[in-house]
Amino acid sequence: MTTLNDNINNRRIVTFGEILMRLSPPNHLKLSQTSTLEVHYGGAEANVAASLSVLGIKTQFVTSVPDNELGSSAINMMRSFGVTPIVLNQGNRLGVYYFEHGASERPGKVLYDRSGSSFSQLQKGMIDWESIFETADWFHWSGITAALSLELAEVCEEALIIASRMGLPISADLNYRSSLWNYGKKASEIMPNLVQYCDVLLGGVDDSEKCLDVKISTLDSKEIVFGKWMESFPKLKTIVSTARYYANASSNGISAVLCNGKEMFESKKYNISHIVDRIGTGDAFMAGILYGMIQWPNDSQRALEFATAASCLKHSIVGDINLVTVEEVEALMNGASGSRVVR
């Protein structure tokens, strides 16, 4: 059994974002033909916190929910995974999204219903970041929060300034969602100001211009693109990026790369068939890379392999959150597969 080293035992990672109720038709039905909906809770930053907690790292999740049964249900779910929620109760509605599972060549579909949610009403000065970060060792956020409103982008900036001043390592997932950037600002106008505080960044080449305002050529390799990112954002020490290939809604190939400014590492490739649930696989990767970087700070290849294997296994888990253990991830890294029953 793998045990965390002394350095990681008391690590505490803080994440910040919205937790949502997810409603999905069962059995790959379309929304237009279902009479029932399955309920799950999740959200990018909530998923990372819960996955890290399952992996054995102490996590706190900062959010806002209404003071009603739905808000309590979402927060109790986070507590069930060992996450410590830091909650501001306000407003009267929990954000919702509808997820229609795809199949074969029919893609999955997400419909958001989060306007006017409790979380969307957060503003600068409402969260005591200094007290929260006093016992923290890491801060993680994502571009989804900054996409929701200018006020939430300002709350992100507030948190990042304080976390940076207090010396915390900072990570982010760019998580670009074109359907969310609708408050009059482009991602390229907001995100560069926030990414400048980051040490670790998850994103893809396609995010370069539309999200980071970094101009690239179609001939640029990943090494060149990520080098440009590091030139534009000098605080960046690590960039990670995932890739899918031979992909449809039911089967994918996945792999990932890690750039530390000196070397480019590439993970093993996994071919995934019979996908159960693709939602949260990027968050599973993010949790895995944070775990790996803290657990093996001098072994970027191992950290990357751990994150990719964690993401691979998440495709088999229903719901937003990756529930696999360190032992299960390492078993896949070491060549185990689903062909045998574990007894």
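The chain is numbered in sequence order, starting from 1.
To the nearest 0.5 Å, the span separating CD on Glu266 from SG on Cys259 amounts to 13.0 Å. With rounding to the nearest 0.5 Å, the separation of CG in Leu236 from CD1 in Ile170 is 11.0 Å. In this structure, CE on Met21 lies 10.5 Å from CG on Leu37, to the nearest 0.5 angstrom. In this structure, OG on Ser53 lies 9.0 Å from CZ on Phe81, to the nearest 0.5 angstrom. Remark: Ser250 OG to Ile272 CD1 distance equals 12.0 Å, nearest 0.5 Å. Between the SG atom of Cys156 and the CG atom of Leu122 there is a distance of 10.0 Å, given to the nearest 0.5 Å.
Counting heavy atoms from C-beta on, the side chains of Ile317 and Val324 come closer than 4.5 Å.
For the 3.5 Å distance criterion, the side chains of Asp283 and Asn47 qualify, holding a donor opposite an acceptor. With 3.5 Å as the limit, one finds no donor-acceptor pair spanning the side chains of Trp141 and Thr15.
For residues 166-186, no residue pair satisfies the salt bridge (Lys or Arg N to Asp or Glu O under 4.0 Å) rule, not counting sequence neighbours. Applying the side chain to side chain donor-acceptor pair (under 3.5 Å) test to pairs two or more places apart or on separate chains, those with a residue in residues 202-217 are Ser208-Trp229. Sorted by first and then second residue, the salt bridge (Lys or Arg N to Asp or Glu O under 4.0 Å) pairs involving residues 107-117 (not counting sequence neighbours) are Glu18-Arg114, Arg93-Asp113. Pairs passing the side chain to side chain donor-acceptor pair (under 3.5 Å) check and including a residue from residues 191-202, sequence neighbours excluded, read Glu157-Asn193, Asn193-Gln196, Asp199-Lys235, Asp199-Lys237.
In this structure, the side chain of Thr281 engages the main chain of Arg278 through a donor-acceptor pair within 3.5 Å. Of the possible polar contacts, one joining the Ser120 side chain to the Ser117 backbone as a donor-acceptor pair under 3.5 Å is found. Between the Ser80 side chain and the Met77 main chain, a donor and an acceptor come within less than 3.5 Å of each other. A donor-acceptor pair under 3.5 Å links the side-chain atoms of Glu305 to the main chain of Lys268, judged by distance alone. Side-chain N or O atoms of Arg106 include one that pairs as donor or acceptor with a backbone N or O of His101 at under 3.5 Å. Looking at Ser311, its side chain never comes within 3.5 Å of a backbone N or O of Ala307 through a donor-acceptor pair.
The aromatic rings of Trp296 and Tyr291 sit perpendicular to each other, their planes meeting at more than 60°, with 30° as the lower class boundary.
Atom CD of Gln33 has more than 12 neighbouring heavy atoms from other residues, nucleotides or ligands inside a 6.0 Å radius. Counting heavy-atom neighbours within 6.0 Å of Asn92 CG, excluding the residue itself, gives a total of 12 or less.
A cation-pi contact links Lys269 to Tyr245, judged by a cut-off of 6.0 Å to the six-membered ring centre and 45° from its axis.
The aromatic ring centroids of Phe16 and Trp129 lie less than 6.0 Å from each other.
The salt bridge (charged side-chain N to carboxylate O under 4.0 Å, His left out) search around Asp299 returns none, not counting sequence neighbours. With sequence neighbours excluded, the residues satisfying side chain to side chain contact (heavy atoms under 4.5 Å, CB included) with Ala309 are Tyr270, Val329, Leu332, Met333.
Here the rule is side chain to side chain contact (heavy atoms under 4.5 Å, CB included) with Thr63, and of Ile75, Ile127, Thr145, Leu88 only Ile75 fits it.
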- prompt: Can Tyr41 and Asn76 be said to form a side chain to side chain donor-acceptor pair (under 3.5 Å), step by step?
  reply: CA-CA 10 Å; Tyr41 292 99; Asn76 287 337; over 6 Å; no
field: side chain to side chain donor-acceptor pair (under 3.5 Å) between Ser24 and Arg22, worked out
entry: CA-CA 7 Å; Ser24 295; Arg22 170 179 133 181; 3.2 Å; yes
